[in-house]
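What follows is a short report on a single structure.
Just so it is clear, the model here is predicted, and its values are computed rather than measured.
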Amino acid sequence: MQTIRWSDEATTDLLEIIDYIEQRNAAAAQSLHAAIVQSAENLPLMPYLFRLGRVAGTREHVVHPNYIVVYQVGDDVIDILRVLHSRQQYP
């Protein structure tokens, strides 16, 4: 089974999102953090289930209506590349 590897950018994205939400609603921030991490951990079960990404070679998992996990599937590793708000300009 593939392992999950978080890029520095994805880790920073997640921390910034959670910090922002936590200032307004700590319970919502905790719930969103758990949902994003859980969805990333489950990617090895069905890595090709989610839509093709806007960047060639990537896929995008809409974890919540406002948040997208961008990832790349390799032979042994799934790289989490970014965690984005759906309104963010990307790429």
Side-chain angles (χ1 to χ4, degrees):
M1 183 177 276
Q2 297 158 311
T3 58
I4 299 295
R5 180 172 54 201
W6 288 76
S7 71
D8 290 342
E9 293 87 358
T11 301
T12 299
D13 291 340
L14 181 59
L15 292 175
E16 288 176 356
I17 289 166
I18 299 307
D19 285 346
Y20 178 81
I21 294 170
E22 192 171 43
Q23 293 173 19
R24 289 146 184 81
N25 186 333
Q30 183 179 10
S31 176
L32 179 62
H33 183 267
I36 291 172
V37 170
Q38 183 68 33
S39 68
E41 289 175 358
N42 286 333
L43 285 173
L45 299 174
M46 291 184 280
Y48 296 102
L49 177 65
F50 303 103
R51 71 184 187 196
L52 292 173
R54 290 169 264 186
V55 173
T58 66
R59 300 192 78 81
E60 297 179 0
H61 175 25
V62 180
V63 176
H64 175 279
N66 293 326
Y67 296 98
I68 301 167
V69 173
V70 180
Y71 65 98
Q72 189 170 36
V73 180
D75 291 334
D76 298 322
V77 176
I78 295 175
D79 288 305
I80 307 298
L81 304 174
R82 299 295 307 264
V83 179
L84 305 170
H85 189 281
S86 60
R87 292 187 180 178
Q88 245 177 300
Q89 182 73 19
Y90 177 78

Are any side-chain N or O atoms of Glu60 and backbone N or O atoms of Ile68, one a donor and one an acceptor, separated by less than 3.5 Å? no
Hydrophobic clustering (ILVMFWY, side-chain heavy atoms < 4.5 Å, transitive) - are Val55 and Val70 grouped together? yes
Is there a continuous path of hydrophobic side-chain contacts, each under 4.5 Å between heavy atoms, that joins Leu49 to Leu52? no
Determine whether Leu84 and Ile18 fall in the same hydrophobic cluster, where Ile, Leu, Val, Met, Phe, Trp and Tyr are linked whenever their side-chain heavy atoms lie under 4.5 Å apart. no
CZ (Arg59) and CD (Gln72) are apart, to the nearest 0.5 Å, by 11.5 Å
When every non-hydrogen atom of Ser86 is compared with those of Pro65, the smallest separation belongs to OG-O, 3.6 Å
If only atom types and distance count, is the side chain of Ser31 paired as donor or acceptor with the main-chain N or O of Ala27 below 3.5 Å? no
Any ion pair linking Arg82 and Glu9 (charged N to carboxylate O, less than 4.0 Å)? no
Worked check of side-chain contact (heavy atoms from CB on, under 4.5 Å) between Tyr67 and Asp13: CA-CA 11 Å; Tyr67 296 98; Asp13 291 340; over 6 Å; no
Co-membership, hydrophobic cluster, residues Leu14 and Val69, 4.5 Å side-chain: yes
Is a side-chain donor or acceptor of Asp79 paired with a backbone partner of Leu81 at a separation under 3.5 angstrom? no
Heavy atoms of His61 and Ser39 approach each other most closely as NE2-CB, 3.4 Å
Would you mind reporting whether Leu43 and Ile80 have side-chain heavy atoms less than 4.5 Å apart? yes
Are more than 12 heavy atoms, taken from residues, nucleotides or ligands other than Asp19, located less than 6.0 Å from that residue's CG atom? yes
Chi angles and distances behind the side-chain contact (heavy atoms from CB on, under 4.5 Å) call for Arg54, Thr58: CA-CA 7 Å; Arg54 290 169 264 186; Thr58 66; over 6 Å; no
Neighbour count above 12 (heavy atom, 6.0 Å) for Gln88 CD: yes
Donor-acceptor under 3.5 Å (Gln2 side chain, Gly74 main chain): yes
So Phe50 and Val62, side-chain contact (heavy atoms from CB on, under 4.5 Å) or not? Walk me through it. CA-CA 8 Å; Phe50 303 103; Val62 180; over 6 Å; no
What distance separates Leu32 CG from Asn66 CG, expressed to the nearest 0.5 Å? 9.0 Å
Interatomic distance, CD1@Ile21 vs CD@Gln30, rounded to 0.5 Å, equals 12.5 Å
Please say which of Glu16, Arg24, Glu22 ends up in a side-chain contact (heavy atoms from CB on, under 4.5 Å) with Tyr20. Arg24
Would you say Tyr71's side chain and Ala40's backbone share a donor-acceptor pair under 3.5 angstrom? no
With clusters defined by side-chain heavy atoms of hydrophobic residues (ILVMFWY) lying less than 4.5 Å apart, directly or transitively, does Val77 cluster with Met46? no
Closest approach of Val83 to Ala10 (non-hydrogen atoms, all atoms of both residues): CG2-O, 3.9 Å
Residues Ile4 and Pro44: closest non-hydrogen pair is CD1-CD, 3.7 Å
